[in-house]
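I have placed the structure first, in the form of structure tokens, so that the comments after it can refer back to it.
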Amino acid sequence: MTVESGDSKREFVGYIRIANQPKIELRVMATSTHEARSLVTEQYGEGHVIVMWNEEDASRPSRPR
């Protein structure tokens, strides 16, 4: 996957659930949640439950809507 200059990679954590197996914990370096999920899908394939987040984003207060 190509990273454009100026886009810094951040650590995303999470897990993947593959049918009838214990969840697998993940750590992925990516520029976005979308890229992190894509990298996990490339490795494990389609059709699994993938949960990913960035700790920095999760600890930041959400903006009012």
Side-chain angles (χ1 to χ4, degrees):
M1 192 163 277
T2 304
V3 178
E4 294 183 26
S5 60
D7 288 344
S8 61
K9 291 194 177 216
R10 302 176 293 155
E11 181 180 60
F12 289 83
V13 295
Y15 60 88
I16 182 169
R17 283 207 176 265
I18 300 173
N20 301 321
Q21 294 182 19
K23 72 180 179 183
I24 300 168
E25 294 184 0
L26 306 165
R27 289 191 182 280
V28 177
M29 296 301 291
T31 58
S32 67
T33 305
H34 178 74
E35 180 185 16
R37 290 180 61 85
S38 293
L39 292 169
V40 172
T41 301
E42 283 177 24
Q43 182 171 352
Y44 292 96
E46 297 279 340
H48 308 298
V49 175
I50 300 170
V51 178
M52 300 293 300
W53 66 90
N54 174 269
E55 292 290 342
E56 293 171 10
D57 293 345
S59 64
R60 194 175 308 147
S62 60
R63 294 183 294 198
R65 294 179 187 214

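- For Ser32 against Glu35, the heavy-atom pair with the smallest separation is OG-N, 3.1 Å.
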Would Thr41 and Gln43 satisfy side-chain contact (heavy atoms from CB on, under 4.5 Å), going step by step from the backbone distance to the final call?
CA-CA 5 Å; Thr41 301; Gln43 182 171 352; over 6 Å; no

Using the rule given for side-chain contact (heavy atoms from CB on, under 4.5 Å), can you reason through Val40 versus Ile16, listing the C-alpha separation, both sets of side-chain angles and the distance that settles it, and then say yes or no?
CA-CA 8 Å; Val40 172; Ile16 182 169; 4.0 Å; yes

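- Closest approach of Ala30 and Phe12 over heavy atoms only: O-CE1, 3.3 Å.
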Which atom pairs, donor and acceptor, lie under 3.5 Å between side-chain atoms of residues 18-29 and protein residues at least two apart or in another chain?
from	atom 1	to	atom 2	distance (Å)
Arg27	NH1	Glu11	OE1	3.4
Arg27	NH1	Glu11	OE2	3.4

Decide yes or no on side-chain contact (heavy atoms from CB on, under 4.5 Å) for Arg10 and Thr31, but give the supporting numbers first.
CA-CA 6 Å; Arg10 302 176 293 155; Thr31 58; over 6 Å; no

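- Tyr44 OH to Ile50 CD1: the interatomic distance, rounded to the nearest 0.5 Å, is 10.0 Å.
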